Amino acid sequence: MRSGRAFSRRSFLAQVDGSHPARVFASYLEKVSDRTPLKRMLYADLKVWLPDNLLLRGDQMTMAASIEERGPFLDHRLVEMAARIPTRC
C-alpha cells in the first residue's frame, strides 16, 4: 500500500476525531471525487492549506515584522480561471 492512500482509508478515518486534519482533508477530496487527482489535491490545498497555514502564518509573520503583505494572485476570478485550465495526464 502506498503511504498517500493511508490517510484516505475509511478504517483509519473512523478512528480519528471529526476535526482531525486527515478527516478534514479527506472530506474535501471526497467532494471532488469525480476530478483528476491533481485537481482534487489543488482543491483540498485551496480549502485547507492556503487559509489555515499560508495566509494565517504569513499574516502573523509579516505583522510581527511590521511588513504589509499582499496576496495578489488570490482574486477569485483568477483562481476560478486557473481551476478551469485542463490538466495533462
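The structure displayed is predicted, hence computed values, not measured ones.
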How would you list all residue pairs meeting salt bridge (Lys or Arg N to Asp or Glu O under 4.0 Å) that involve residues 36-46, not counting sequence neighbours? none

Got a second to check how far Leu42's CG is from Leu50's CG, nearest 0.5 Å? 11.5 Å

Would Val79 end up clustered with Leu55 when hydrophobic side chains under 4.5 Å apart are linked, directly or stepwise? yes

I want to check something: taking the side chain as every heavy atom from C-beta on, are Lys31 and Tyr43 in contact at a cut-off of under 4.5 Å? yes

What distance do Asp75 atom CG and Glu80 atom CD have between them, rounded to the nearest 0.5 Å? 8.5 Å

Mind checking whether Met41 and Tyr28 have side chains closer than 4.5 Å, heavy atoms only? no

Starting at CD of Glu68, measure out to CG of Asp59 and round the result to the nearest 0.5 Å. 8.5 Å

Any link between Met61 and Met63 through a network of hydrophobic side chains (Ile, Leu, Val, Met, Phe, Trp, Tyr) touching at under 4.5 Å? no

Can you find a pair of side-chain heavy atoms, one from Met81 and one from Arg84, that are under 4.5 Å apart? yes

